[in-house]
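If you're wondering where the values come from, they're calculated on a predicted model, not measured in any experiment.
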Amino acid sequence: MSEFQLYASAAVLVEGLFLTQESSVTVARTTNSQAVNTVALGYAGESPGAAMVEITISSAVPSADFELNPGKFMKRNQEVEIGILGPGGKQLTARGFIISDNFQHAVNSASSLEFQFRGKMVDWT
């Protein structure tokens with residue numbers, strides 16, 4: 001039996017465009033529930049909140065142009081679909097909005113573009 005195993009990778013699509021320059025993706029999901037505290041019980045449980053998913057994607061930027069320019073979605077506050085193909089063949093598909101982006105360039109490092117997405121809570125299927 002091998003002492004090693006293979007670990008998961010992921011692929012990202014925005015509006016059906018496969019991001020070949022993607023270098024990292026972070027999926028953060030939150031229930032936004034609120035703790036319910038009472039005098040008699042102390043911590044009594046959770047009150048439901050507005051659950052959501054936040055996705056951060058970083059990509060390398062080729063000298064010719066951005067692979068995907070988030071600004072075209074941001075300036076119109078246009079709803080987009082982000083799909084992530086992840087571990088074990090699971091996928092996560094979310095609809096929502098690109099809310100911010102950040103371009104970076106520095107000496108001795110690759111140019112990069114990072115953008116943040118926010119949408120309704122979804123699960124891996």
Side-chain angles (χ1 to χ4, degrees):
M1 181 168 145
S2 175
E3 61 185 281
F4 300 106
Q5 60 185 1
L6 295 176
Y7 287 86
S9 65
V12 177
L13 295 94
V14 176
E15 286 297 300
L17 173 67
F18 173 51
L19 298 184
T20 62
Q21 299 295 323
E22 177 261 327
S23 57
S24 75
V25 61
T26 301
V27 177
R29 298 181 295 171
T30 181
T31 64
N32 278 316
S33 63
Q34 300 299 307
V36 176
N37 298 302
T38 68
V39 173
L41 298 175
Y43 172 70
E46 294 289 314
S47 176
M52 67 177 148
V53 61
E54 294 178 300
I55 300 172
T56 302
I57 298 168
S58 295
S59 294
V61 180
S63 61
D65 198 358
F66 296 104
E67 178 177 38
L68 172 83
N69 180 359
K72 69 180 184 179
F73 302 111
M74 294 169 65
K75 71 181 177 183
R76 295 190 309 259
N77 208 29
Q78 180 181 337
E79 185 178 330
V80 298
E81 180 178 275
I82 292 186
I84 301 173
L85 306 174
K90 299 256 185 204
Q91 54 186 337
L92 182 138
T93 303
R95 292 203 63 79
F97 301 91
I98 296 174
I99 58 168
S100 66
D101 70 352
N102 181 359
F103 171 74
Q104 296 180 355
H105 166 74
V107 67
N108 294 331
S109 66
S111 295
S112 65
L113 176 70
E114 179 178 273
F115 62 92
Q116 289 75 37
F117 165 93
R118 185 167 37 218
K120 290 186 177 189
M121 171 69 87
V122 292
D123 203 359
W124 294 93
T125 57

Next item on the list: Would you check, one step at a time, whether the test side-chain contact (heavy atoms from CB on, under 4.5 Å) holds for Gln116 with Asp101?
Entry: CA-CA 6 Å; Gln116 289 75 37; Asp101 70 352; 5.7 Å; no
Item checked: Cluster overlap Val80 with Leu92, hydrophobic side-chain contacts below 4.5 Å -> yes
Margin query: I want to check something: taking the side chain as every heavy atom from C-beta on, are Val25 and Thr56 in contact at a cut-off of under 4.5 Å?
Written below: no
Next item on the list: Return yes when atom CD of Gln78 has more than 12 non-hydrogen atoms of other residues, nucleotides or ligands closer than 6.0 Å, and no otherwise.
Entry: yes
Next item on the list: Report yes or no: does Glu15 contribute a side-chain atom to a donor-acceptor pair with the main-chain N or O of Glu81 at less than 3.5 Å?
Entry: yes
Notebook entry, point to check: Under 3.5 Å, is there a donor-acceptor pair linking the side chains of Gln34 and Ser47?
Noted result: no
Notebook entry, point to check: side-chain contact (heavy atoms from CB on, under 4.5 Å) with Pro70: which of Ile99, Ile98, Asn102?
Noted result: Ile98
Check: Mind checking what makes salt bridge (charged side-chain N to carboxylate O under 4.0 Å, His left out) contact with Asp65, not counting sequence neighbours?
Finding: none
Next item on the list: Would you give the length of the straight line joining atom CD of Gln91 to atom OG1 of Thr125, rounded to the nearest 0.5 angstrom?
Entry: 5.0 Å
Margin query: Any donor-acceptor pair under 3.5 Å linking the side-chain atoms of Glu67 with those of Thr20?
Written below: yes
Item checked: Between Glu46 and Ser33, a side-chain donor and acceptor under 3.5 Å -> yes
Next item on the list: Quick one: do Ser59 and Glu22 satisfy side chain to side chain donor-acceptor pair (under 3.5 Å)? Show the steps, please.
Entry: CA-CA 4 Å; Ser59 294; Glu22 177 261 327; over 6 Å; no
Next item on the list: Would you sort out whether Leu68 and Leu17 count as a side-chain contact (heavy atoms from CB on, under 4.5 Å), showing the intermediate values?
Entry: CA-CA 8 Å; Leu68 172 83; Leu17 173 67; 4.1 Å; yes
Item checked: Nearest-0.5 Å distance that lies between atom CZ in Phe73 and atom CZ in Phe117 -> 11.0 Å
Next item on the list: Step by step, work out the side chain to side chain donor-acceptor pair (under 3.5 Å) result for Glu114 and Ser58.
Entry: CA-CA 4 Å; Glu114 179 178 273; Ser58 295; 3.1 Å; yes
Check: When you look at Phe66 and Leu113, which way does the side-chain contact (heavy atoms from CB on, under 4.5 Å) test go after all the steps?
Finding: CA-CA 8 Å; Phe66 296 104; Leu113 176 70; 3.8 Å; yes
Next item on the list: Check the pair Phe103 / Ser112 against side-chain contact (heavy atoms from CB on, under 4.5 Å), numbers first and verdict last.
Entry: CA-CA 6 Å; Phe103 171 74; Ser112 65; over 6 Å; no
Item checked: Non-neighbouring partners of Thr30 that pass side chain to side chain contact (heavy atoms under 4.5 Å, CB included), sequence neighbours left out -> Asn32, Met52
Note to self: Hydrophobic clusters here meaning ILVMFWY residues chained together by side-chain heavy-atom distances under 4.5 Å, can you tell me if Val14 and Leu85 are in one?
What the structure shows: no
Note to self: Any non-hydrogen side-chain atom of Leu19 less than 4.5 Å from a side-chain atom of Leu13?
What the structure shows: no
Next item on the list: Would you check if Val12 and Phe18 make a side-chain contact, meaning some heavy-atom pair closer than 4.5 Å?
Entry: no
Next item on the list: May I ask you to test the Thr93-Ile82 pair for a side-chain heavy-atom distance under 4.5 Å?
Entry: no
Next item on the list: List for me each residue that meets ring-ring contact (aromatic ring centres under 6.0 Å, His included) alongside Phe97, sequence neighbours excluded, and say none if there are none.
Entry: none
Notebook entry, point to check: With a 4.5 Å limit on heavy-atom distance, are the side chains of Val27 and Val53 in contact?
Noted result: yes
Item checked: Shared hydrophobic cluster, Trp124 / Ile55 (ILVMFWY, side-chain heavy atoms < 4.5 Å) -> yes
Next item on the list: Measure from the side-chain N and O atoms of Arg29 to the backbone N and O of Met121, and report whether any donor-acceptor pair falls under 3.5 Å.
Entry: no
